[in-house]
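These notes concern the structure reproduced below.
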Amino acid sequence: MTDTSRTTGPTTGDAQRVAAVTGAGAGIGAAVAELLAARGYAVVVSDVDLSAAEQVVERITSAGGTATAVTVNAGDEQDQRALVDTAVETYGRLDAAVNNAGLGAPVNRLADITPEQYHRAVDVTLTGTFLGMRAQLAQMERQGSGAVVNVISIGGLRPAAGMSPYTSAKHGVTGLTEVAALDYADRGIRVNGVAPGPIDTAALATLSEERRHAEEQKIPAKRLGTPEEVAKAVAWLLSDDASFTTGAVLTVDGGASLL
């Protein structure tokens with residue numbers, strides 16, 4: 001991780017919880033960071049695009065919250081360790097972590113996917129989540145408490161034609177989530193996942209109105225979800241209201257995974 005972090009707002013006291021969010025420069029990650037800050041967390045906002053992370057920090061601090069922006073390549077072990085170090089050095093601890101960073105690949109049949117496309121998706125989405133949790137859980141174990149939420153997608157619960165790299169990576173994240181929950185359940189640390197369905201993010205904003213309507217009609221709820229709806233599910237899983245919940249994968253998909 002390059003030395004490009006920026007801190008805005010007051011440092012935290014012992015009573016304030018501290019969260020780190022990856023892939024938080026836009027979409028679901030940004031919504032999670034902003035909601036956690038609104039609920040009183042000091043948030044380390046990380047993204048491979050520092051300027052995007054800084055914009056999220058600006059919104060948080062303008063609203064009276066506390067946040068720090070850092071550059072993190074999710075698939076880089078040093079970056080993931082440095083993210084945790086930033087949280088501890090800046091705010092004193094790490095209470096919550098959200099592993100949201102992920103990449104897909106062009107939709108294509110398996111034999112037409114290049115090894116480079118496959119490895120890129122897996123390196124960021126699956127290996128990145130492993131490296132993130134490895135650093136996060138070590139810190140939380142030292143503290144004796146913590147909560148992790150991995151953003152998985154319904155692609156990690158069922159197959160999707162033409163999406164072998166993404167589906168492989170997200171299924172792997174589901175498995176990592178469940179194993180980590182077992183590994184740390186007796187250490188005061190909970191590990192859960194959320195599985196969003198079709199969400200109204202920048203990726204879907206490029207669709208024509210006709211195509212967008214067609215996608216909405218495939219969902220039992222007949223609409224796309226919002227990043228804010230996913231963020232609320234994440235915040236619940238991190239909260240004390242979910243104190244006996246670990247190893248769960250909560251779908252946020254308008255019923256899409258039931259089809």
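Numbers here simply count residues along the sequence, with the first being 1. This one's a predicted model, so the numbers in the text were calculated from it and none came from an experiment.
Here the rule is side-chain contact (heavy atoms from CB on, under 4.5 Å) with I152, and of T125, L250, T251, V173 only V173 fits it. E215 pairs with exactly one of R211, R212, Q217 by the side-chain hydrogen bond (donor to acceptor under 3.5 Å, both in side chains) rule, that one being R211. No option in V44, V21, T71 other than V44 meets the side-chain contact (heavy atoms from CB on, under 4.5 Å) test with L83. The residue from N99, T22, N100 that alone fulfils the side-chain hydrogen bond (donor to acceptor under 3.5 Å, both in side chains) condition with N150 is N99.
Heavy-atom minimum distance, P165 versus V122: O-CG2, 4.4 Å. When all heavy atoms of G193 and T177 are compared, the pair lying nearest together is N-CG2, 3.8 Å. The two residues D76 and L131 make their nearest non-hydrogen contact at C-CD1, 4.0 Å. Closest approach of P220 to G255, counting heavy atoms only: CG-O, 3.4 Å. Residues A37 and V43 approach most closely at N-CG2, 3.8 Å, considering heavy atoms. Taking each heavy atom of A121 and G104 in turn, the nearest pair found is CB-O, 3.8 Å.
No donor-acceptor pair closer than 3.5 Å links the side chain of E228 to the backbone N or O of A31. A donor-acceptor contact shorter than 3.5 Å links the side chain of S243 to the backbone of D240. Distance alone, capped at 3.5 Å, is enough to place a donor-acceptor pair between the D47 side chain and the G25 backbone. The main-chain N or O of G162 is never found under 3.5 Å from a side-chain atom of N108 such that the two would form a donor-acceptor pair. For Q136 (side chain) and G132 (main-chain N/O), a donor-acceptor pair under 3.5 Å exists by modelled atom type. Judged purely by atom type and a 3.5 angstrom limit, Q117 uses its side chain to pair as donor or acceptor with the backbone of T114. Judged by distance alone, the side chain of S62 and the main-chain N or O of R59 form no donor-acceptor pair under 3.5 Å. Side-chain atoms of K170 come within 3.5 Å of backbone N or O of V151 as a donor-acceptor pair. Between the H171 side chain and the T167 main chain, a donor and an acceptor come within less than 3.5 Å of each other. R190 contributes a side-chain N or O that, together with a main-chain N or O of T245, makes up a donor-acceptor pair within less than 3.5 Å.
Connection of L103 to V32 is not established within any shared hydrophobic cluster, with ILVMFWY side chains joined at heavy-atom distances below 4.5 Å, either directly or through further cluster members. Under the 4.5 Å side-chain heavy-atom criterion for Ile, Leu, Val, Met, Phe, Trp and Tyr, V48 and V45 are members of distinct hydrophobic clusters. By the criterion of side-chain heavy atoms lying less than 4.5 angstrom apart, applied directly or through intervening Ile, Leu, Val, Met, Phe, Trp or Tyr residues, V124 is not grouped with V72; the two fall into different hydrophobic clusters.
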side-chain contact (heavy atoms from CB on, under 4.5 Å) between T129 and M133, intermediate numbers included: CA-CA 6 Å; T129 300; M133 283 201 295; 4.2 Å; yes
Intermediate values then yes/no, salt bridge (Lys or Arg N to Asp or Glu O under 4.0 Å), E116 and R120: CA-CA 6 Å; E116 291 77 17; R120 185 166 181 261; over 6 Å; no
Please test W236 against K232 for side-chain contact (heavy atoms from CB on, under 4.5 Å), starting from the C-alpha separation and ending with a verdict. CA-CA 6 Å; W236 179 77; K232 289 175 183 177; over 6 Å; no
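Side chain to side chain, Y41 and T66 fail the donor-acceptor criterion of an N or O pair below 3.5 Å. Between the side chains of R142 and Q139, at least one donor N or O lies within less than 3.5 Å of an accepting N or O.
Residues K222 and E216 fail the side-chain proximity criterion, which asks for heavy atoms closer than 4.5 Å. Looking only at side-chain heavy atoms (C-beta outward), Y91 and Q16 stay at 4.5 Å or farther from each other. Residues P196 and I28 have side chains in contact (heavy-atom distance under 4.5 Å, counting atoms from C-beta outward). Residues V98 and L238 form a side-chain contact, since some pair of their non-hydrogen atoms from C-beta on lies under 4.5 Å apart. Between R39 and R17 the shortest side-chain heavy-atom distance does not fall below 4.5 Å. By the 4.5 Å heavy-atom criterion applied to side chains, V230 and I199 are counted as neighbours. Using a 4.5 Å cut-off on side-chain heavy atoms (C-beta onward), T86 and T68 make contact.
Interatomic distance, CG of L258 versus CD1 of I219, reported as 12.5 Å (0.5 Å rounding). Distance check: L35 CG to E229 CD gives 12.0 Å after rounding to the nearest 0.5 Å. Note that the CG atom of D253 and the CG atom of L259 stand 8.5 Å from one another [nearest 0.5 Å]. With rounding to the nearest 0.5 angstrom, the CE atom of M140 is 7.0 Å from the CG atom of D95. Rounding to the nearest 0.5 angstrom, the gap separating the CE atom in M163 from the OG atom in S168 is 10.5 Å. Here the CD1-OG1 distance, from I154 to T174, works out to 11.5 Å after rounding to the nearest 0.5 Å.
Remark: N192 pairs with no residue by the side-chain hydrogen bond (donor to acceptor under 3.5 Å, both in side chains) rule, at least two apart or across chains. Considering only residues two or more places apart in sequence or on other chains, Y166 meets the side-chain hydrogen bond (donor to acceptor under 3.5 Å, both in side chains) condition with S153. Legend: residues meeting side-chain hydrogen bond (donor to acceptor under 3.5 Å, both in side chains) with R158, ordered by chain and number and at least two apart, are absent.
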